[in-house]
Amino acid sequence: MKQRKLVANNKKARHDYFIEDVYEAGMVLTGTEIKSVRQGKVNIKESYAKIDKSELVIYGMHISPYEQGNRFNVDPLRPRKLLLHKQEIKKLTGLTTVKGLTLVPLNVYINEKGLAKMELAVARGKKLYDKRDDTAKRDADRKMQQAVKKHVR
């Protein structure tokens, strides 16, 4: 069983997108950034990933400056490179350009070796009626569970 510490979670991603596939990517961070990540000062709600010149880059991910970082702190919203195998990047390039899918971060965590990793999803955007259907289904499931629980007592 993998031991990992969840640092940031993007709950809205599963609400706004159909998740097709999930990849695990490493992140290129500076020393003060990794210290802030370990403290849990990361926000990925408004972030997205793009492929630029055969490199995977994440935009909009906010890592708060480290308090003791002084001059070594960098811009909290700077684009950061993500690490994947070349074959995986080529596959993602095909999916995003031909099929029109989006790369959305699901969560950021520290793995058992102490490295910062990100779960990146290949996703298709949901329409408003899809979101309504999901909400209705969730409510129906919740009511069924409550009815079963009430009936068992």
Side-chain angles (χ1 to χ4, degrees), residues 1-85 88-142:
M1 173 103 179
K2 289 184 182 177
Q3 189 69 14
R4 60 188 217 179
K5 177 188 170 199
L6 188 64
V7 178
N9 194 4
N10 190 357
K11 295 177 186 174
K12 205 161 170 72
R14 296 194 189 274
H15 181 263
D16 291 341
Y17 298 96
F18 291 115
I19 306 299
E20 306 274 325
D21 203 2
V22 177
Y23 291 89
E24 180 185 58
M27 294 190 293
V28 177
L29 301 172
T30 64
T32 55
E33 284 179 323
I34 189 65
K35 288 181 180 191
S36 283
V37 168
R38 287 195 177 119
Q39 289 179 348
K41 297 183 176 180
V42 181
N43 186 354
I44 58 172
K45 285 184 177 66
E46 298 295 321
S47 59
Y48 63 96
K50 231 164 76 171
I51 298 170
D52 291 336
K53 301 175 197 155
S54 70
E55 287 186 346
L56 189 59
V57 181
I58 183 136
Y59 296 95
M61 180 171 76
H62 186 277
I63 298 179
S64 298
Y66 185 58
E67 286 91 22
Q68 287 84 32
N70 58 43
R71 66 182 178 159
F72 298 107
N73 282 328
V74 292
D75 180 26
L77 286 172
R78 76 179 179 92
R80 293 167 180 89
K81 187 175 169 185
L82 296 178
L83 305 172
L84 279 178
H85 291 284
E88 290 176 323
I89 292 175
K90 285 180 182 176
K91 184 178 178 184
L92 290 177
T93 304
L95 289 172
T96 55
T97 55
V98 177
K99 285 192 171 182
L101 299 175
T102 312
L103 299 173
V104 180
L106 294 178
N107 53 45
V108 175
Y109 59 91
I110 305 291
N111 71 357
E112 63 275 356
K113 294 180 182 176
L115 302 174
K117 300 283 185 175
M118 173 182 283
E119 274 190 0
L120 196 66
V122 179
R124 174 175 284 113
K126 284 186 181 179
K127 304 283 190 231
L128 185 60
Y129 57 84
D130 291 327
K131 294 178 190 178
R132 278 197 217 119
D133 290 345
D134 285 350
T135 306
K137 184 176 182 255
R138 204 171 337 129
D139 290 344
D141 289 344
R142 191 178 301 123

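Since the structure is predicted, the reported quantities are computational estimates derived from the model, not experimental observations. Heavy-atom basis, side chains included; hydrogens, waters and symmetry copies ignored.
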Which heavy atom of R78 sits nearest to which heavy atom of L29, and what is that distance? NH2-CA, 4.2 Å
Rounded to the nearest 0.5 Å, what's the gap from CG on L101 to NZ on K99? Could you check? 6.5 Å
When you compare the side chain of L84 with that of L82, does any pair of heavy atoms fall below 4.5 Å? no
Spacing of N10 atom CG and E119 atom CD [to the nearest 0.5 Å]: 11.5 Å
Determine whether K45 and H62 satisfy the following criterion, side-chain contact (heavy atoms from CB on, under 4.5 Å), listing intermediate values before the conclusion. CA-CA 9 Å; K45 285 184 177 66; H62 186 277; over 6 Å; no
In the structure I gave you, are the side-chain heavy atoms of L92 and Y23 within less than 4.5 Å of one another anywhere? yes
Between Y59 and D52, does the side-chain hydrogen bond (donor to acceptor under 3.5 Å, both in side chains) criterion hold? Intermediate values first, please. CA-CA 11 Å; Y59 296 95; D52 291 336; 2.3 Å; yes
Run the salt-bridge test on R4 and E112 with the 4.0 Å N-O cut-off and return the result as yes or no. no
Quick one: does any side-chain atom of T102 pair with a main-chain N or O of R124 as donor and acceptor, under 3.5 Å? no
Side-chain ion pair, E33 and R38, N-O less than 4.0 Å: no
With rounding to the nearest 0.5 Å, note down the distance linking CG in N107 to CG in N9. 5.5 Å
For a 4.5 angstrom cut-off between non-hydrogen side-chain atoms, does I89 reach E55? no
OH/Y48 to CG/L103 distance, rounded to the nearest 0.5 angstrom? 11.5 Å
I want to check something: taking the side chain as every heavy atom from C-beta on, are E46 and M61 in contact at a cut-off of under 4.5 Å? no
Within 45° cone and under 6.0 Å: K126 NZ/CZ vs F18 ring: yes
For the atom pair CG (L56) and NZ (K50), what is the distance rounded to the nearest 0.5 Å? 11.5 Å
State, yes or no, whether a side-chain contact exists between R80 and V28 at a heavy-atom distance under 4.5 Å. no
I'd like to know whether NZ of K131 has more than 12 heavy-atom contacts from other residues, nucleotides or ligands below 6.0 angstrom. yes
So does R142 pair up with D139, basic N to acidic O under 4.0 Å? yes
How about I19 and L106: do any of their side-chain heavy atoms sit closer than 4.5 Å? yes
K5 atom NZ: more than 12 heavy-atom contacts under 6.0 Å: yes
Identify the two heavy atoms, one from A116 and one from V37, that lie closest to each other, and give their separation to 0.1 Å. CB-CG1, 4.4 Å
Answer whether the closest heavy-atom distance between the side chains of P105 and I58 falls below 4.5 Å. yes
Straight-line distance of S47 OG to M118 CE, nearest 0.5 Å: 6.0 Å
May I ask you to test the K35-K41 pair for a side-chain heavy-atom distance under 4.5 Å? no
